[in-house]
2 protein chains.
Amino acid sequence: MKHRRIPKATIDRMAVYLEVLENFSRDGAELVSSDQLAKACKSNPAQIRKDLAYFGDFGIRGVGYAVESLKLAIKRALSIDGVWRCALFGAGNLGRALLGNREFVRRGFHIQAVFDCDPDKLGLRMFHLAVQSPSRLGHIVKEQDIQIGIITTPPNRAQRAANHLVEADIKGIVTFAPTRINVPDEVSLQYVDLFRTFYSLSFDISLREQEAAEEQNAD
Amino acid sequence: MKHRRIPKATIDRMAVYLEVLENFSRDGAELVSSDQLAKACKSNPAQIRKDLAYFGDFGIRGVGYAVESLKLAIKRALSIDGVWRCALFGAGNLGRALLGNREFVRRGFHIQAVFDCDPDKLGLRMFHLAVQSPSRLGHIVKEQDIQIGIITTPPNRAQRAANHLVEADIKGIVTFAPTRINVPDEVSLQYVDLFRTFYSLSFDISLREQEAAEEQNAD
DNA sequence: ACGTGTGAACGATTTCACAGCT
DNA sequence: AGCTGTGAAATCGTTCACACGT
């Protein structure tokens with residue numbers, strides 16, 4: 001079991017488990033069973049046990065999981081038990097929103113520098129950081145040992161931003177721009193596609209309405 | 001084939017297909033093959049044909065797909081060929097970023113009202129809209145026929161916001177707050193989990209580094 | 001001849017059911 | 001007795017390979 005490839009879906013669910021564990025923790029629970037977790041996550045107990053077992057034997061048979069140690073184990077498994085140093089590329093509204101979001105720091109993602117191609121934005125202060133020119137990116141990334149780039153440019157600037165980040169030898173990129181970008185294989189890449197979510201919602205609402213209408217007809 | 005349940009993964013990929021179709025369209029292409037689409041999406045032709053065939057026979061055998069009519073067909077399939085009226089709940093940085101994002105309007109998601117529980121924010125102007133009290137939500141939703149609620153509150157306020165939206169008889173909710181919320185079955189719900197993406201990136205970077213280290217050892 | 005649409009084969013993930021530890 | 005960890009079974013999604021229409 002230990003050395004099997006871990007499904008991407010499992011990784012995604014880990015974020016949910018962490019979130020509900022924080023709640024159990026806040027409520028003072030010391031132990032939690034896969035049943036309780038499943039209820040809180042709208043999942044099922046077998047799924048949860050299987051998911052957790054990919055990473056190790058965190059539970060105690062007949063008892064359940066110790067909340068605090070499970071939180072830590074998950075964080076370690078995802079490598080979010082330390083600090084990741086990030087650079088933001090794109091000093092627009094979305095960039096500002098991420099920079100101002102306290103949850104990022106709380107979860108160990110520290111945004112330490114902001115870049116933008118637009119010369120009008122250079123020097124502009126966003127919270128505690130000044131917007132810098134992309135020409136300084138390579139230097140800053142090296143100096144501050146920055147590992148992750150976050151792209152919040154408009155779609156037509158996203159590839160250029162990615163090129164700058166790759167050039168600066170970043171390890172991974174999260175992009176919020178609704179466009180595909182190309183990076184070398186050795187750079188990790190994740191898309192946050194806002195519209196995908198809205199499209200899913202749209203499809204889901206319409207499907208339900210259609211099903212409701214068909215039920216009417218069945219009378 | 002027509003009346004089979006459509007995988008969620010297929011729906012998600014539709015957003016990508018639309019995106020690359022926009023690019024083909026901009027480049028003046030009138031026809032595309034599943035092969036070309038696959039290259040642009042980093043997918044494979046069979047996947048694309050299967051996905052598209054869930055919704056109808058959009059292609060021409062021996063020829064390919066007509067770009068414009070395929071775009072329209074996908075939009076119709078997802079029900080994003082019209083306008084969805086949205087209300088934003090949570091007038092913080094993230095809410096402002098969504099409100100100021102031109103892509104939303106371009107894609108038919110119109111944010112028509114903004115609400116916030118914080119009395120200090122009432123009346124505050126965000127772009128062309130004034131922040132309103134949640135007590136007005138029911139009235140505004142009915143008056144403007146708003147269908148979708150967008151939650152951008154801090155996590156501890158998200159459930160309350162959801163309750164207000166459900167009470168106002170909204171059809172679906174997209175929440176950006178990193179916390180699970182409960183809504184009745186008849187309301188559609190989608191989570192935009194920013195941290196899930198960052199956690200995946202973190203895991204992926206670490207996995208690669210670990211694999212690289214093991215390769216070293218194999219010498 | 002070419003490229004779609006689709007059953008069939010394959011592969012991956014989820015769920016079941018129970019052995020094994022506390 | 002209770003709850004985890006995990007093979008085995010069931011389900012779900014993807015890829016193959018080819019019949020079919022243009």
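For the numbers below, each heavy atom of this structure counts, side chains included, while hydrogens, waters and symmetry mates do not. Order of the sequence lines sets the chain letters (A, B, ...), proteins ahead of strands, with each chain counted from 1. Source: prediction; values computed, not measured.
Checked by distance alone, B:R49 brings a side-chain donor or acceptor within 3.5 Å of a matching partner on the base of C:dG5.
At a cut-off of 3.5 Å, with distance as the only test, a side-chain donor of A:S188 or B:R208 sits close to an acceptor on the other residue.
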With a cut-off of 3.5 Å and sequence neighbours excluded, list every side-chain donor-acceptor pair involving residues 80-89 of chain B.
unit_1	atom_1	unit_2	atom_2	d
B:W84	NE1	A:S202	OG	3.0
B:W84	NE1	B:S79	O	2.9
B:R85	NE	B:Q144	O	3.2
B:R85	NE	B:D145	O	2.7
B:R85	NH2	B:D145	O	3.4
B:R85	NH2	B:D145	OD2	2.8

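Distance A:D35 CG to C:dC16 P: 13 Å, rounded to the nearest Å. A straight line from NZ of B:K8 to P of C:dT14 spans 13 Å, rounded to a whole angstrom. Summarising the geometry, the separation between CD1 on B:I48 and C1' on D:dG13 is reported as 16 Å, rounded to the nearest angstrom. Here D:dT6 presents its C1' atom at 10 Å from CG of A:D57, a figure rounded to the nearest Å. Taking atom CD1 of A:I6 as the reference point, atom P of C:dA12 lies 15 Å away to the nearest angstrom. Going from atom CG of A:L37 over to atom P of D:dG5 covers 12 Å, rounded to whole Å. Remark: P of C:dG5 and CD1 of B:I60 are 9 Å apart, rounded to the nearest angstrom. Atom CG of B:L52 is separated from atom P of C:dT6 by 12 Å (rounded to the nearest Å).
Among pairs with a residue in residues 168-178 of chain A, those fulfilling side-chain hydrogen bond (donor to acceptor under 3.5 Å, both in side chains) read A:K171-B:E209, at least two apart in sequence or across chains. For the salt bridge (Lys or Arg N to Asp or Glu O under 4.0 Å) condition, the pairs that include at least one residue of residues 176-203 of chain B, sequence neighbours left out, are A:D12-B:R196, A:E19-B:R180, B:R180-B:D193.
When heavy atoms are screened at a 4.0 angstrom cut-off, A:N44 is found touching the sugar-phosphate backbone but no base atom.
A search for ring pair (Phe, Tyr, Trp, His ring centres under 6.0 Å) contacts involving A:F195 returns B:F104, not counting sequence neighbours.
Here B:Q47 does not reach the OP1 or OP2 of D:dG13: none of its side-chain N or O atoms lies under 4.0 Å away. Contact check, A:R5 against C:dT13: a side-chain N or O comes under 4.0 Å of OP1 or OP2.
Residues from residues 62-80 of chain A with heavy atoms under 4.0 angstrom of DNA chain D, sorted by number: A:G62, A:V63, A:G64, A:Y65. Within residues 10-34 of chain A, the residues that place at least one heavy atom under 4.0 Å from DNA chain C are, in residue-number order, A:R13.
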Quiz prompt | Derivation of the salt bridge (Lys or Arg N to Asp or Glu O under 4.0 Å) call for B:R106 and B:E103 | solution = CA-CA 5 Å; B:R106 227 176 52 70; B:E103 294 291 320; 3.2 Å; yes
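For A:R157, the CZ atom sits in a loose shell: 12 or fewer heavy atoms of surrounding residues, nucleotides or ligands are nearer than 6.0 Å.
The side chain of A:K50 lies closest to D:dG7, out of D:dT15, D:dT14, D:dG7. With C:dG20, D:dT15, C:dG5 as the candidates, the nucleotide lying closest to the side chain of B:R61 is C:dG5.
Put simply, the side chain of B:N44 gets close to the backbone of B:A46: a donor and an acceptor are under 3.5 Å apart.
With values rounded to the nearest 0.5 angstrom, A:L70 atom CG is found 7.0 Å from A:L37 atom CG.
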